[in-house]
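Quick notes on the structure that follows.
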Amino acid sequence: MEKLKGKVAELTRQEWNDLGFYYSSNDDVKRWDLFGTTKGLERLSEELGHFTKKDEVYGAHEHLLPHWYLTIEFDESPDINKRGIVGRKQDLIILRDYIVKNIPSLSVDSSFSVHDCFDATSYEMYFHIQNDDFDPSSMDWQLQS
């Protein structure tokens, strides 16, 4: 991959800010890390809420911009895996509610895991709380000069 420039970089920067948090995965340690303000990280619960309003069709999924790496998908059993978060509608609602319940009590520079919502997951997923002036696009190496 190359560094992004011009309009593509501007669009990508805006997509990170619209999403409200930065995400990355590490396949070597099977882990997702999400970085954002409490408000920004609450956006994942909103995305889960929007997704669970759809008809539950296994395999149906939604990519979270930018880069389309992180997905939410309907599946027969709950998991956090290489692609993202999967499960039945009821599993995704449990995860959404867990995020909504826990984020407000967190302070800057703290973190918490959400993979504990499911019995077992292929990957771990951690939320890292940042200062209110955090810019999610600042962590995207493709946007750094």
Decide yes or no on ring pair (Phe, Tyr, Trp, His ring centres under 6.0 Å) for W16 and F35, but give the supporting numbers first.
-> CA-CA 11 Å; W16 280 123; F35 299 85; over 10 Å; no

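- Residues F134 and V108 have side chains not in contact (no heavy-atom distance under 4.5 Å, counting atoms from C-beta outward).
- Atom OG of residue S122 and atom NE2 of residue H115 lie 12.0 Å apart, to the nearest 0.5 angstrom.
- Under the 3.5 Å distance criterion, the side-chain polar atoms of D91 are matched with a main-chain donor or acceptor of R88.
- Both L4 and M139 are members of a single hydrophobic cluster when ILVMFWY side chains are connected at heavy-atom separations under 4.5 Å.
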Side chain to side chain contact (heavy atoms under 4.5 Å, CB included) between D135 and N17: does it pass, once the steps are laid out?
-> CA-CA 7 Å; D135 174 4; N17 289 322; 2.8 Å; yes

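- F112 and Y123 fall within the same hydrophobic cluster, defined by Ile, Leu, Val, Met, Phe, Trp and Tyr side-chain heavy atoms under 4.5 Å apart, directly or through other members.
- Here the side chains of L19 and L65 are not in contact, with every heavy-atom distance at 4.5 Å or above.
- Note on residues 61-83: pairs passing salt bridge (Lys or Arg N to Asp or Glu O under 4.0 Å), not counting sequence neighbours, are D27-K82, K54-E62, E73-R83.
- Seen from the ring of Y126, R31 counts as a face-on cation partner, given the 6.0 Å and 45° thresholds.
- Panel note: side chain Q142, backbone E2; a donor-acceptor pair is recorded below 3.5 Å.
- The CD1 atom of I80 sits 7.5 Å away from atom SG of C117, with the distance rounded to the nearest 0.5 Å.
- Distance CH2/W32 to OG1/T121: 13.0 Å, rounded to 0.5 Å.
- With rounding to the nearest 0.5 Å, the separation of CZ in F51 from CG in L64 is 10.0 Å.
- Pairing each heavy atom of G40 with each of F21, the nearest pair is O-CD2, 3.4 Å.
- Looking at T12, its side chain does come within 3.5 Å of a backbone N or O of V8 through a donor-acceptor pair.
- Atom NZ of K89 is surrounded by more than 12 heavy atoms from other residues, nucleotides or ligands within 6.0 Å.
- The structure places OG of S137 at 11.0 Å from CD of E15, a figure rounded to the nearest 0.5 Å.
- A 4.5 Å side-chain heavy-atom check between I85 and L92 finds at least one atom pair inside the cut-off.
- The two residues V57 and F74 make their nearest non-hydrogen contact at O-CB, 3.4 Å.
- Looking only at side-chain heavy atoms (C-beta outward), L44 and F127 come within less than 4.5 Å of each other.
- Counting heavy atoms from C-beta outward, I129 and T38 have side chains that approach closer than 4.5 Å.
- Rounding to the nearest 0.5 Å places NE2 of H50 at 10.5 Å from CZ of R96.
- Neither L95 nor V100 shares a network with the other; the hydrophobic side chains, linked directly or stepwise wherever heavy atoms of I, L, V, M, F, W or Y lie under 4.5 Å apart, form separate groups for each.
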Can H128 and D33 be said to form a side chain to side chain contact (heavy atoms under 4.5 Å, CB included), step by step?
-> CA-CA 7 Å; H128 305 276; D33 287 288; 2.6 Å; yes

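- The existence of a salt bridge linking R43 and E46 is confirmed by a sub-4.0 Å separation between a basic side-chain nitrogen and an acidic carboxylate oxygen.
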May I have the step-by-step check of side-chain hydrogen bond (donor to acceptor under 3.5 Å, both in side chains) for Q144 and D140, ending in yes or no?
-> CA-CA 7 Å; Q144 297 170 2; D140 188 336; over 6 Å; no

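- The closest donor-acceptor contact from the side chain of H61 to the backbone of T71 lies at 3.5 Å or more, if one exists at all.
- Criterion: ILVMFWY side-chain heavy atoms under 4.5 Å apart, direct or through other members. Under it, I93 and F118 are not part of a common hydrophobic cluster.
- Put simply, the side chain of L70 does not reach to within 4.5 Å of the side chain of H63, judged on heavy atoms.
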Output, in order, the C-alpha distance, side-chain angles, deciding distance and verdict of side chain to side chain contact (heavy atoms under 4.5 Å, CB included) for I99 and L48.
-> CA-CA 10 Å; I99 294 167; L48 288 163; 4.0 Å; yes

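- Counting heavy atoms from C-beta on, the side chains of N131 and T37 never come closer than 4.5 Å.
- Inter-residue side-chain proximity for L34 and Y22 is flagged as unmet; no heavy-atom pair is nearer than 4.5 Å.
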